[in-house]
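Worksheet: one structure, shown below.
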Amino acid sequence: MKTPAQPAVILPGEAARWQDYLSLLKPRVMSLVVFTALTGMICAGRAMNPILAAVAILCIAAGAGGSAALNMAYDADIDALMRRTRRRAIPAGRVQAADALALGIVLSLFSVGIMGVAVNWLAAALLAFTILFYAVVYTLWLKRRTPQNIVIGGLAGALPPVVGWAAASGQAPLDAWLLVAIVFFWTPPHFWALSLYTSGDYAEAGVPMMPVVRGAASTRRQILVYSLILAPLGLAPAFTGLGGPVYLAVAAVGGLALVILAARLALSHAGEPAPPLPAGRPEGLYDVRVAARPARDLFVASLVYLFALFAALLVEHTPLIASLGLAPVVGLTT
Amino acid sequence: MSDPNDETAAAARARRGRNLLLATALVAFVVIIFVITIVKLSGNVPAH
């Protein structure tokens with residue numbers, strides 16, 4: 001006699017597609033990390049074996065992906081509470097946190113090890129520090145404890161240019177740290193502008209983002225202060241010889257636009273509690289109320305600003321453009 | 001209620017995809033180590 005077929009049991013993680021594992025690496029953040037690291041690598045101005053250069057970029061990408069997976073493994077509980085993140089692979093139940101942890105550890109160890117063996121150990125040490133800073137200092141320690149989480153934690157996102165520079169030259173000079181400083185001071189206005197129109201989510205999850213803890217008015221003022229520091233800092237590479245005339249023009253126009261948008265935001269009511277929508281009309285995740293538009297505008301402008309600064313450096317330091325005489329005077333000789 | 005047979009087929013497809021990704025990653029790792037070795041070794045061969 002045949003026994004009746006047992007209903008299939010799908011174990012947790014069984015239905016995970018390979019794309020779910022890829023999403024743990026935060027590919028969009030990874031692309032920004034690769035872009036800034038590549039800029040640092042090109043700006044170092046040293047001839048590098050193209051295969052080893054590709055390996056260095058791969059290691060930086062894998063390191064960024066590994067630290068993102070570690071972050072997702074630890075933050076699954078708060079990700080499940082926020083609309084923006086609740087469909088991620090772990091809170092949605094498609095991937096187990098332990099698997100993400102294993103993926104993060106393996107990618108981190110291999111990226112640092114290969115960087116050290118194939119490229120140099122200064123770049124490997126800086127990469128290891130970046131991963132540890134993001135996974136331990138930001139994720140484990142700062143994120144749930146202080147509104148300064150993204151200010152201090154932002155260092156992890158700011159370090160890739162110096163990792164790239166060190167990979168190409170074996171050194172980490174002042175110009176490389178100048179690029180780090182630019183990304184570091186860019187981070188607070190960028191993320192606080194975003195959090196001004198998504199702070200409800202953070203409050204629900206108990207993440208002490210600045211608008212949740214200190215209020216919208218204080219956050220808007222702090223955004224303006226950081227923008228006022230960032231704009232002149234963005235000009236600095238043009239005076240150290242790292243940036244040329246193209247960079248100077250981009251940094252001047254972009255910095256001015258950023259300060260104007262930050263001042264407009266400071267004078268606005270972005271982030272203040274909005275009246276409820278008419279009954280029956282649900283609020284979309286990325287719906288931006290009229291009052292919050294200055295915050296959205298600054299968020300988008302800051303992304304364009306950072307991309308334009310690094311793209312200008314990248315363009316000026318590529319050999320073809322350098323041959324047209326647009327390259328910085330000192331940068332070519334170092 | 002969802003059909004258990006569909007779920008099993010979907011899980012099998014997902015497993016196949018994960019296995020292919022893992023195989024690709026392993027092959028890529030071996031190729032990368034091989035290429036790095038060749039580049040590093042050839043860098044230490046003096047030019048005649």
Side-chain angles (χ1 to χ4, degrees), chain A residues 4-25 27 47-62 65-66 69 89 92-96 99-100 102-103 106-107 109-111 113-121 123-124 167 170, chain B:
Chain A
Q6 294 294 312
V9 177
I10 310 294
L11 297 170
E14 276 287 284
R17 297 172 309 150
W18 63 269
Q19 292 95 329
D20 291 322
Y21 286 92
L22 207 63
S23 74
L24 294 175
L25 313 184
M48 194 179 179
N49 183 300
I51 292 173
L52 295 184
V55 168
I57 288 293
L58 192 67
C59 287
I60 292 167
R94 297 191 302 275
V95 173
Q96 291 185 292
D99 292 344
L103 179 66
V106 167
L107 278 178
L109 290 178
F110 274 80
S111 61
I114 294 177
M115 181 74 104
V117 171
V119 184
N120 64 62
W121 286 101
Chain B
M1 207 178 125
S2 59
D3 182 354
N5 289 328
D6 280 355
E7 285 184 27
T8 312
R13 267 199 309 278
R15 190 187 312 120
R16 201 176 310 123
R18 295 198 303 269
N19 289 345
L20 276 174
L21 179 68
L22 196 58
T24 309
L26 283 171
V27 170
F29 177 70
V30 171
V31 170
I32 287 167
I33 296 297
F34 176 74
V35 171
I36 289 170
T37 308
I38 298 298
V39 169
K40 298 294 263 187
L41 283 179
S42 57
N44 288 325
V45 176
H48 292 290

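Every value quoted in this text rests on a predicted model; they were computed, and no experiment measured them. Naming: A, B, ... by sequence-line order, numbering from 1 per chain.
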Tell me, do [X] and [Y] make a side-chain contact under 4.5 Å, heavy atoms counted?
{"X": "A/Met48", "Y": "A/Val119", "answer": "yes"}
{"X": "A/Leu103", "Y": "A/Leu25", "answer": "yes"}
{"X": "B/Arg18", "Y": "B/Leu21", "answer": "no"}

Legend entry - Toward chain B, the part of A/Leu22 with a non-hydrogen atom under 4.5 Å: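 For A/Leu22, neither part sits under 4.5 Å from chain B.
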Legend entry - Residue selection (most heavy-atom pairs with chain A, distance under 4.5 Å) from B/Ala12, B/Gly17, B/Ala10: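 With the most close heavy-atom pairs to chain A, the winner is B/Gly17.
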Inset, instruction - Please report the C-alpha distance between A/Asp20 and A/Arg17 in whole Å, then the side-chain angles of each, then the deciding distance to 0.1 Å, and finally whether the side chain to side chain contact (heavy atoms under 4.5 Å, CB included) criterion is met. - result: CA-CA 5 Å; A/Asp20 291 322; A/Arg17 297 172 309 150; 3.9 Å; yes
Legend entry - CG on A/Asn49 to OG on B/Ser42, rounded to 0.5 Å: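 Answer for the OG-CG pair, B/Ser42 versus A/Asn49, is 7.5 Å.
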Legend entry - Rounded distance (nearest 0.5 Å) linking atom CD1 of A/Ile57 with atom SG of A/Cys59: 9.5 Å
Inset, instruction - Can you check whether anything in residues 26-39 of chain B gets within less than 4.5 Å of chain A, heavy-atom wise, and list it by number? - result: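 Result: B/Phe29, B/Ile32, B/Ile33, B/Val35, B/Ile36, B/Val39.
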Legend entry - Partners passing side chain to side chain contact (heavy atoms under 4.5 Å, CB included) against A/Asn120 (at least two apart in sequence or in another chain): A/Leu122, A/Ala123
